[in-house]
Colleague: 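Attaching a single structure in structure tokens format; questions to follow.
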Amino acid sequence: MAHWVRESDGSDSFEWDSDGNGEEAASFNAAGASSSAMTSTNTDAPGPSTRVANGNGKAGPSAALVQKYMDMGFAEEIVLKAMKDNGDNGADSLIELLLTYQELGNDLKVDNGFASGCVPQTVDDSDDDDILENWDDEDAGGRSTRVASSFDDSGDETAGDGYCGNLSDYEDNSYGGRNKGRPVDRSLPSQAMGPPYFYYENVALAPKGVWTTISRFLYDIQPEFVDSKYFCAAARKRGYIHNLPLENRSPLLPIPPKTISEAFPHTRRWWPSWDPRRQFNCLQTCMSSAKLLERIRVALTNSSDPPPPRVQKFVLEECRKWNLAWVGLNKVAPLEPDEMEFLLGFPKDHTRGISRTERYRSLGNSFQVDTVAYHLSVLKDMYPQGMNVLSFFSGIGGAEVALHRLGIRMKTVISVEKSEVNRTILKSWWSQTQTGLLIEISDVQTLTSERIEAYVRRIGGFDLVIGGSPCNNLAGSNRHHRDGLEGEHSSLFYHYVRILDSVKSIMERL
DNA sequence: CTCACTCGGATCTGGGGC
DNA sequence: GCCCCAGATCCGAGTGAG
């Protein structure tokens with residue numbers, strides 16, 4: 001099975017969508033083959049719908065909606081044309097139309113009458129169950145020599161020498177360990193082949209259908225789900241869609257410790273026997289409060305040793321939730337920023353100099369360097385002279401640090417990052433470690449295709465387009481605006497797609 | 001059903017500066 | 001008294017595994 005399992009009805013593709021979302025919700029929900037049925041039966045939508053639907057006759061597309069897609073870098077005439085042709089088929093379909101028109105638009109007039117048949121009109125809805133079943137490849141009960149890579153199912157020979165044996169020595173299969181025995185055929189569609197290579201990262205546990213959608217916009221390449229717990233002492237479940245070769249990967253050396261006690265030996269003497277944690281959960285951006293730490297300390301101080309089950313349960317739950325470490329008698333504390341830097345594979349003091357809160361925020365949003373470097377390691381032999389990199393949502397420079405630690409020279413890096421403190425961190429690190437050219441861009445919207453073309457002409461093309469889009473609207477821990485690929489943050493992903501598309505077509509043309 | 005886990009955000013609070 | 005900022009605090013749902 002090379003690609004997603006497709007179903008024809010797309011019934012639950014966007015079920016997490018809030019329904020009263022005005023102009024777009026209805027058309028999103030109507031995505032798919034059953035759109036006409038949806039629109040005719042969806043009469044319980046609250047309030048008057050302002051949905052843009054050309055089928056409604058005279059009502060044209062709203063200026064705000066047009067502007068939204070223009071802000072994403074599409075020309076107005078393309079937006080209008082795509083909206084007209086798309087009708088009620090939903091925003092996904094609309095984006096695909098936009099991308100198609102943009103690509104074709106290089107050679108064709110906009111009103112040339114593109115055959116809409118060339119654009120998928122149905123929402124394919126893969127069985128999401130299958131996606132996450134690939135977390136762990138281990139044979140049940142066996143000590144696998146394979147990496148936690150869904151692509152590596154078929155061959156032990158692809159595992160790194162002497163490396164992968166370390167990966168799973170102590171791991172339970174937290175995701176069931178069902179080995180589906182499903183070799184993943186890595187035959188990329190021709191238009192997905194590099195160069196440029198691309199690498200897109202996002203949280204694995206996104207709402208239903210999100211990965212299906214992301215995948216569809218990236219040549220239907222199946223994401224590679226990897227938990228960074230195989231690379232360091234903290235979990236980090238992420239999906240990566242890329243067109244890199246899968247063979248001959250190698251890990252960064254030295255291999256980081258993969259248990260808490262190895263990573264932080266000084267905690268051993270305080271670690272109670274009834275705390276079974278050997279690794280941390282996913283490092284997040286928010287930290288526990290001092291009040292909670294005090295509550296835990298008081299509860300333990302007033303208990304026997306070992307404490308009664310009720311107290312143990314309370315303390316363990318909070319420790320797991322907030323990634324607390326034992327730093328004294330009855331005393332737990334959150335990880336320090338430099339400890340997070342270490343776990344994530346960054347050099348010491350990489351983020352030092354900004355406020356503590358900002359360090360936590362930046363680190364919590366970052367790549368795990370060893371994990372990403374493992375995937376990128378195949379580039380080292382391919383680019384002995386160095387690479388030109390387009391880096392999206394660079395944050396504190398996880399991709400750049402990974403390439404650097406792999407010994408890959410970066411001739412030019414164009415980095416798009418909104419946060420000023422993050423840009424400063426990357427700039428500072430760059431000036432200390434690199435000889436190449438770093439160009440930092442704060443606003444992705446200013447990276448127009450004209451500007452991309454100018455860069456391509458200047459540096460001779462990009463070798464790697466890498467990015468992890470901010471996931472504040474995708475992660476399960478976000479209770480407020482978990483709106484998948486439909487919220488305002490979603491445009492960042494579509495920016496990535498747009499610009500990747502643009503880079504490819506420009507490079508093919510030149 | 002219960003349980004565990006999740007690249008977070010809105011609001012409050014307190015201090016500094018004016 | 002007021003604004004501003006940064007830190008502190010409190011807030012819970014979606015999802016999958018068992």
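Order of the sequence lines fixes the chain letters, A, B, ..., with proteins taken first and strands second; residue numbering starts at 1 for each chain.
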Colleague: Just call it for A:G395: base, sugar-phosphate, or nothing, with non-hydrogen atoms closer than 4.0 Å on any strand.
Modeller: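 Nothing: the residue A:G395, judged by heavy atoms under 4.0 Å, touches no strand.
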Colleague: Considering residues at least two apart in sequence or located in another chain, which fulfil the side chain to side chain donor-acceptor pair (under 3.5 Å) criterion with A:S428?
Modeller: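 Result, side chain to side chain donor-acceptor pair (under 3.5 Å) vs A:S428: A:Q432.
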Colleague: Could you list the donor-acceptor pairs under 3.5 angstrom formed between side-chain atoms of residues 387-396 of chain A and any protein atom two or more places apart in sequence or on another chain?
Modeller:
from	atom 1	to	atom 2	distance (Å)
A:N388	OD1	A:T412	N	3.3
A:N388	OD1	A:T412	OG1	3.2
A:N388	ND2	A:I459	O	3.1
A:N388	ND2	A:G461	O	3.2
A:S391	OG	A:S394	OG	2.7
A:S391	OG	A:E400	OE2	2.8
A:S394	OG	A:S391	O	3.2
A:S394	OG	A:S415	OG	2.7

Colleague: A:F346: what forms a ring-ring contact (aromatic ring centres under 6.0 Å, His included) with it, not counting sequence neighbours?
Modeller: A:H350
Colleague: Could you list the residues that satisfy side-chain contact (heavy atoms from CB on, under 4.5 Å) with A:S502, not counting sequence neighbours?
Modeller: A:S449, A:I452, A:I506
Colleague: Identify all pairs in which a protein N or O lies below 3.5 Å from an N or O of nucleotides 3-5 of chain C, and state each distance.
Modeller:
none

Colleague: Calculate the interatomic distance between A:L335 atom CG and B:dC7 atom P; express it in whole Å.
Modeller: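 These atoms are roughly 16 Å apart.
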Colleague: For A:E420 and A:N422, does a side-chain donor sit closer than 3.5 Å to a side-chain acceptor?
Modeller: no
Colleague: Closer to the 5' end of DNA chain B via nearest nucleotide, is it A:S366 or A:E317?
Modeller: A:E317
Colleague: Classify the ring geometry between A:Y240 and A:H375 as parallel (under 30°), tilted (30 to 60°) or perpendicular (over 60°).
Modeller: perpendicular
Colleague: If the condition is ring-ring contact (aromatic ring centres under 6.0 Å, His included), which residues does A:F217 pass it with, not counting sequence neighbours?
Modeller: A:Y494
Colleague: Provide, to the nearest angstrom, the distance between the CZ atom belonging to A:F225 and the P atom belonging to B:dC7.
Modeller: 12 Å
Colleague: Scan for salt bridge (charged side-chain N to carboxylate O under 4.0 Å, His left out) pairs involving residues 196-206 of chain A, sequence neighbours excluded, and state none if there are none.
Modeller: A:E201-A:R238
Colleague: Go along nucleotides 7-13 of chain C 5' to 3' and tag each nucleotide: B for a protein heavy atom under 4.0 Å from its base, S when only backbone or sugar atoms are that close, - otherwise.
Modeller: S-SSBBB
Colleague: How would DNA chain C look in dot-bracket form, 5' to 3', counting Watson-Crick and G-U wobble pairs with both distances under 3.5 Å and writing | for bases paired to another strand?
Modeller: |||||||||||.||||||
Colleague: Using the P atom on both, measure B:dC7 against C:dA17 and round to a whole Å.
Modeller: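 16 Å, rounded to whole Å.
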Colleague: Who pairs with A:E317 by side-chain contact (heavy atoms from CB on, under 4.5 Å), at least two apart in sequence or on another chain?
Modeller: A:K313
Colleague: Could you measure between the two C1' atoms, the one in B:dT6 and the one in C:dG12, and give it in whole Å?
Modeller: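 Their C1' atoms lie roughly 12 Å apart.
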Colleague: Output the rounded distance in Å from CD (A:E420) to P (C:dA6).
Modeller: 12 Å
Colleague: Under 4.0 Å, counting only non-hydrogen atoms across every strand here, what does A:R361 touch: a base, just sugar-phosphate, or nothing?
Modeller: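 If one applies the 4.0 Å heavy-atom cut-off, A:R361 turns out to touch nothing in the nucleic acid.
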Colleague: List the residues meeting ring-ring contact (aromatic ring centres under 6.0 Å, His included) with A:W274, not counting sequence neighbours, and say none if there are none.
Modeller: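 Scan of A:W274 (ring-ring contact (aromatic ring centres under 6.0 Å, His included), adjacent residues dropped) gives A:W326.
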Colleague: Can you tell me which residue pairs pass the salt bridge (charged side-chain N to carboxylate O under 4.0 Å, His left out) test with a partner in residues 329-347 of chain A, sequence neighbours excluded?
Modeller: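 Applying salt bridge (charged side-chain N to carboxylate O under 4.0 Å, His left out) to every pair that reaches into residues 329-347 of chain A, excluding sequence neighbours, yields A:E336-A:R356, A:D338-A:K348, A:E341-A:R359.
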